[in-house]
Amino acid sequence: MKYKVNEKGYYGDFGGAYIPEMLYPNVEELRQNYLKIIDDADFQKEFHQLLKDYVGRPSPLYLAKRYSERYGANIFLKREDLNHTGAHKINNTIGQILLAEKLGKKRIIAETGAGQHGVATATVCALRNLECVIYMGEVDIERQAPNVARMKMLGAKVVPASSGSKTLKDATNEAMRDWINNPVDTHYIIGSVVGPHPYPDMVAIFQSIISEETKKQLLEQTGSDQPDYVLACVGGGSNAMGMFYHFMDDENVKLIAVEAAGKGVSSGFSAATTYLGKEGVLHGSRSILMQTPDGQVVEPHSVSAGLDYPGIGPQHAHLFKTGRGQYVSITDEESLDAGLLCTQLEGIIPAIESAHALAYLEKMEFKGGENVVVCLSGRGDKDLDTYIKYFNL
Amino acid sequence: MNRIKQLFQEKKNILSIYYTAGYPNTGDTIQIAEALEKSGADMLEIGFPYSDPVADGPVIQASSKQSLDQGMTLNLLFEQLKDLRKKVTIPVLLMGYVNPVLQFGVEKFCEACAEVGVDGCIVPDLPMVEYEEFYKDCFEKHNLSNVFLITPQTAEERIHKIDGLTNGFIYLLSSSATTGKNLEVGNTTEAYFSRIKNLNLKNPTMIGFGISDKQTFDKACSYANGAIIGTAFVKAIADGNLEESVSNFMKKFKG
């Protein structure tokens with residue numbers, strides 16, 4: 001329990017609920033009810049049934065042979081890319097839509113960066129017949145056109161966020177403003193382990209299915225449920241938190257979180273939050289964020305829209321500060337090269353987000369025979385345009 | 001005595017004006033304050049801009065962005081306010097988000113406020129529990145009032161808690177909305193205002209969000225000690241001669 005949230009909503013120095021009074025009743029309603037609802041047997045039954053029949057879980061834990069030969073270690077890929085809608089995001093939206101129904105909400109809003117969370121939200125809204133509004137940065141709308149089309153087909157209204165850097169951070173601001181203006185009937189499905197308490201904990205719980213399955217699968221395949229390393233990419237940090245969740249208290253399992261260095265950590269075009277950031281408050285929680293000395297949030301950069309965020313979730317900030325997790329970064333180019341390598345070695349086109357985690361394998365040194373799990377958080381279909389341009393395909 | 005307390009003891013139908021520091025031009029902060037006092041404003045709320053103002057609508061967002069782009073910082077604002085009390089006698093509050101305050105340093109921020117003669121603060125995203133635990137002593141040591149917001153959805157128990165924690169006034173949001181939405185005083189809003197009035201709080205109340213003309217101002221004053229105007233004023237000073245814009249705007253309320 002050392003790394004879990006305390007009764008005040010904090011992880012060590014990080015977390016809390018830094019929200020204007022207009023959001024207090026909504027967030028408080030959630031705080032008082034989320035554990036009660038999630039722990040309910042009927043909720044669990046429905047949640048797991050949908051994960052199985054609709055999402056297609058459990059997702060395979062695949063021992064990647066050619067990767068393993070290349071690195072001299074047993075490289076396992078946790079195949080979240082095989083989930084319905086193509087990424088881990090749906091684990092959380094299934095959980096939150098059921099929760100929203102229990103709270104009697106009629107309208108769903110969400111922010112999205114790469115569009116994966118937007119698609120996952122629009123999908124569950126179609127499934128449960130609820131009104132859906134997705135906020136997405138103008139820049140992201142342009143670079144993720146197929147996902148915008150998917151959301152529209154699913155019946156969602158996609159609203160462009162045109163303030164600031166016009167990316168994920170600004171989409172989050174707009175979604176929060178919508179929630180302020182619609183305080184009674186609306187549930188805000190935050191897509192990552194960010195936001196005011198209880199969001200980081202709630203999203204982590206829904207995503208923890210990733211490590212729950214991984215442990216069982218490892219035990220079956222290797223005879224031990226404890227790998228040597230677990231790797232995942234971090235924007236806000238939801239797939240990483242899901243991947244780390246059930247390993248956090250196993251101190252001999254090394255947790256490696258891979259941030260987006262963009263064009264390089266010192267280039268001025270980066271999203272490497274733990275390297276460039278300082279402690280502060282963003283989107284309702286105290287965490288680590290990229291900011292000026294005056295406390296203004298800095299515009300991040302990453303080739304991957306899902307990692308293009310100037311903060312990390314408060315639980316990640318805690319893992320970083322306590323040294324429990326190792327936070328590293330990978331550049332745009334390194335990630336794209338790793339994406340191609342994965343495609344050619346294993347026949348899997350990864351999302352550029354996930355390719356950041358894969359790219360770090362190149363930098364690790366193995367003694368031989370270690371068990372390494374990489375969270376392959378999403379598939380690369382949505383990134384084809386970027387791959388095409390970079391490799392002149 | 002704190003200027004805010006004194007104002008509420010002496011006056012009714014208080015008109016408080018919000019504007020963004022460093023907007024429309026970086027050097028306008030003090031000039032606007034002087035012009036507002038001259039045209040009859042009773043209290044000022046000077047906004048220090050933030051890059052991600054989630055509680056604000058498009059007008060105040062845009063003014064914040066312009067101000068930041070032109071180089072406004074908390075350091076510069078305190079520098080501009082150095083001679084505040086030589087020029088302005090009415091109560092002045094600073095309003096802004098918590099992150100710039102955290103980076104400036106809470107203790108240093110309170111000291112700077114006291115030094116230039118700021119009487120209170122409104123930090124919408126600073127939670128009540130954090131204020132009580134980490135900020136209250138520092139605010140009180142420097143004789144600063146911390147103003148909390150309440151909305152139609154705020155529970156009565158919480159309103160009483162807020163009333164106990166603050167010593168300036170309570171900021172009554174006319175509805176749960178980002179800044180700049182129009183005040184539509186329907187039956188539910190009136191019922192809410194009456195409910196608050198009947199709680200007999202120890203602190204005075206000011207109604208804000210959506211006040212844009214004499215009619216809405218008078219309506220607000222019938223339920224509270226006064227009202228706060230922000231968006232409508234920020235819009236009015238966007239261009240043209242600053243002193244004329246301020247004086248023309250204020251005539252609508254004081255004329």
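Only this structure's heavy atoms are used, side chains among them; waters, hydrogens and symmetry mates stay out. Here is how names work: the chains are called A, B, and so on, in the same order as the sequence lines, proteins then strands, and each is numbered from 1. If you're wondering where the values come from, they're calculated on a predicted model, not measured in any experiment.
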Does atom [atom1] ([X]) have a neighbourhood of more than 12 heavy atoms from anything else shown, all under 6.0 Å?
X	atom1	value
A:Lys278	NZ	yes
A:Asp185	CG	yes
A:Gln32	CD	yes
B:Glu115	CD	no
A:Tyr10	OH	yes
A:Glu142	CD	no
B:Tyr131	OH	yes

Within this structure, what is the [atom1]-[atom2] distance for the pair [X] and [Y], rounded to the nearest 0.5 Å?
X	Y	atom1	atom2	answer
A:Glu279	B:Leu102	CD	CG	10.0 Å
A:Tyr24	B:Arg158	OH	CZ	4.0 Å
A:Lys8	B:Glu130	NZ	CD	8.5 Å
B:Ser51	A:Asp294	OG	CG	9.5 Å

Just so I understand: if I count every heavy-atom pair under 4.5 Å between each of B:Leu68, B:Leu126, B:Ile150 and chain A, which residue has the most?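 Among B:Leu68, B:Leu126, B:Ile150, the one with the most close pairs to chain A is B:Leu68.
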
Against chain A, work out which of B:Val129, B:Val101, B:Asp56, B:Leu173 has the most heavy-atom pairs shorter than 4.5 Å and name it.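 Answer, by heavy-atom pair count under 4.5 Å with chain A: B:Asp56.
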
With a 3.5 Å distance limit and no angle check, can you tell me whether A:Gln291 reaches the backbone of B:Pro100 through a side-chain donor-acceptor pair?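 Side chain of A:Gln291 to backbone of B:Pro100: no pair is present.
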
Say whether, by atom type as modelled, one donor and one acceptor occur between the side chain of B:Asp125 and the main chain of A:Tyr18 under 3.5 angstrom.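 It does not hold such a pair.
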
Can you find a heavy atom in the side chain of A:Glu21 that is under 4.5 Å from one in the side chain of B:Tyr171?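 Side chain of A:Glu21 against side chain of B:Tyr171, heavy atoms only: no contact under 4.5 Å found.
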
Heavy-atom distance under 4.5 Å between the side chains of B:Asn99 and A:Leu289, does that happen here?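 When only atoms from C-beta onward are counted, A:Leu289 and B:Asn99 do touch, with a gap below 4.5 Å.
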
Between [X] and chain A, with a heavy-atom cut-off of 4.5 Å, which part of the residue counts as in contact: side chain, backbone, both or neither?
X	answer
B:Tyr50	both
B:Val98	side chain
B:Leu74	both
B:Gln61	side chain
B:Pro152	neither

Taking all non-hydrogen atoms of both residues into account, name the closest pair between A:Gly280 and B:Gln103 and its distance.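 Closest pair (atom of A:Gly280, atom of B:Gln103, distance): CA-NE2, 3.6 Å.
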
Heavy-atom cut-off 4.5 Å, strictly under: side chain, backbone, both or neither for [X] against chain B?
X	result
A:Pro293	backbone
A:Ile19	backbone
A:Val298	neither

